[in-house]
Amino acid sequence: MTPETEHAFAVIRSEHGAESLSRVERMLEPGGGGPRHPLQKGARWILPGLSPTPWHDPFAHPELTPVVKALESAHPVIKAELGSAWAARREVFSDYEHYLTRQKDWQALHLYRDGALVEESAAIFPTTHEVLKEFAVDPEKICPLLECHFSTLLPGASIAPHCDLWNFSINLHLAVDIPDGCSITVAGETRSWQEGNCLLFDYSFEHAARNDGDRPRTCLLVDLWHPETTIPERRALVTLISEIRRMMGEI
């Protein structure tokens, strides 16, 4: 760790106790904090002590339930805003740049990125923007290291199996516009989106998706803190990853 990170960690320990960052420190040890599930081997960081559960019940975590309920309740308006934008403002969608690749048949429009709401999206998606702000951003449920975006797979598109970088955030999908023939597989278990409902999964496990339907498939993806992480761990992880990105020239 850099001196800046060491100092930040020391401040957090002084406020929350000497053991408050023990799991983060174990994660940084050689071997990545201990054994991991075989289908998590592609992840860069595994915070030890988090339940190794690929699929989560969206309503099982009290911290996240308000986000799930708000998005599902707002689904009709969110879908209408998406339809208007896709028909009249197609240029605001762009090829999705995953850390592995850039994919032309996977389109995205961001509402939250680089630790802040994307204000340009507020005029296009006012209700979506407000729900996200009130229930995910303001109460700090969203992981500021990641993002929220509309994820649109064009007909015939697929996302190859991969693991994302870590397990300390968790991926929420609101199924906005779902044709028949779409599926997502996480840790070998395949499910389908049900329009208007949410799916929640740990994307440190290998996962893939495909659209074998006849029109675009769109979900609203929100990267939330894993509910088993603590407030001091979240502060430390933001400091750590931000410093790593700075040193790599990403920010």
Side-chain angles (χ1 to χ4, degrees), residues 1-9 12 20-56 64 95-103 106 108 110 112-116 140-149 151 158-173 184-189 199-209 221-251:
M1 292 192 294
T2 64
E4 292 81 6
T5 304
E6 290 278 13
H7 174 72
F9 278 29
I12 295 169
S20 59
L21 301 183
S22 60
R23 296 197 299 186
V24 177
E25 292 160 347
R26 285 165 53 202
M27 182 187 77
L28 297 175
E29 294 173 355
R36 60 175 71 183
H37 190 284
L39 290 175
Q40 285 179 305
K41 288 192 179 298
R44 177 66 179 84
W45 292 287
I46 295 295
L47 186 68
L50 302 185
S51 301
T53 305
W55 287 103
H56 289 247
L64 304 184
D95 299 346
Y96 186 63
E97 295 187 45
H98 192 269
Y99 73 95
L100 295 174
T101 187
R102 182 184 182 99
Q103 192 164 334
W106 182 2
H110 289 82
Y112 180 93
R113 199 175 198 181
D114 298 327
E140 299 183 343
K141 307 306 180 190
I142 199 165
C143 179
L145 297 166
L146 294 170
E147 58 195 39
C148 169
H149 66 274
S151 172
S158 63
I159 301 170
H162 66 284
C163 297
D164 281 311
L165 289 172
W166 56 63
N167 69 333
F168 45 80
S169 62
I170 194 166
N171 202 211
L172 183 72
H173 285 202
I184 178 170
T185 302
V186 180
E189 180 181 343
L199 291 176
L200 184 66
F201 66 96
D202 180 340
Y203 45 12
S204 67
F205 287 88
E206 186 178 86
H207 56 285
L221 275 55
V222 191
D223 292 308
L224 302 168
W225 283 112
H226 193 293
E228 296 174 10
T229 56
T230 66
I231 297 301
E233 287 172 341
R234 295 174 189 183
R235 285 178 56 188
L237 289 164
V238 169
T239 298
L240 173 68
I241 301 302
S242 298
E243 182 67 5
I244 290 171
R245 289 173 172 173
R246 184 191 66 78
M247 293 174 64
M248 295 177 66
E250 296 180 14
I251 58 175

- Salt-bridge criterion met for Arg26 and Glu29 (N-O under 4.0 Å): no
- Item | Glu233 side chain to Thr230 backbone, donor-acceptor under 3.5 Å | yes
- Check Leu145, Thr229, Thr239 against Arg234 for a side-chain contact (heavy atoms from CB on, under 4.5 Å) and give me the one that passes. Thr229
- Message: Just verifying a value: how many Å separate Leu237 CG and Leu47 CG, rounded to the nearest 0.5 Å?
- Response: 6.0 Å
- 4.5 Å side-chain heavy-atom contact, Asn167 and Gln40: yes
- Message: Whether the side chain of Asp202 engages the backbone of Ser204 through a donor-acceptor N/O pair (distance < 3.5 Å, no angle test) should be reported.
- Response: yes
- Item | CD/Glu140: more than 12 non-hydrogen atoms of other groups inside 6.0 Å | no
- Message: For Cys148 versus Ile142, what's the shortest heavy-atom pair and its separation?
- Response: CB-CD1, 4.1 Å
- Under 3.5 Å, is there a donor-acceptor pair between the Tyr203 and Asp223 side chains? yes
- Query: Are any of the side-chain heavy atoms of Ile170 and Pro227 separated by less than 4.5 Å?
  - Reply: yes
- Query: So how far is it from Phe168 CZ to Leu50 CG, rounded to the nearest 0.5 Å?
  - Reply: 9.5 Å
- Flag side-chain contact, heavy atom, 4.5 Å: Trp106 against Ser151: yes
- Task: Indicate yes or no: at least one non-hydrogen side-chain atom of Glu206 is less than 4.5 angstrom from one of Pro161.
- Result: yes
- Ala187 versus Phe205, closest heavy-atom pair with distance: CB-CD2, 4.0 Å
- Task: Evaluate the side-chain proximity of Met27 to Leu240: yes if any heavy-atom separation is below 4.5 Å, no if none is.
- Result: yes
- When rounded to the nearest 0.5 angstrom, what is the spacing between OG in Ser169 and CH2 in Trp225? 7.5 Å
- Query: Does any non-hydrogen side-chain atom of His207 lie less than 4.5 Å from one of Phe201?
  - Reply: yes
- Message: Using side-chain heavy atoms (C-beta onward) and a distance below 4.5 Å, is Leu200 in contact with Asn171?
- Response: no
- Message: side chain to side chain donor-acceptor pair (under 3.5 Å) for Ser51 and Glu228? Distances and angles first, verdict last.
- Response: CA-CA 8 Å; Ser51 301; Glu228 296 174 10; 2.7 Å; yes
- Is there a donor in the side chain of Thr5 and an acceptor in the side chain of Glu243, or the other way round, less than 3.5 Å apart? no
- Heavy-atom distance under 4.5 Å between the side chains of Trp55 and Leu199, does that happen here? yes
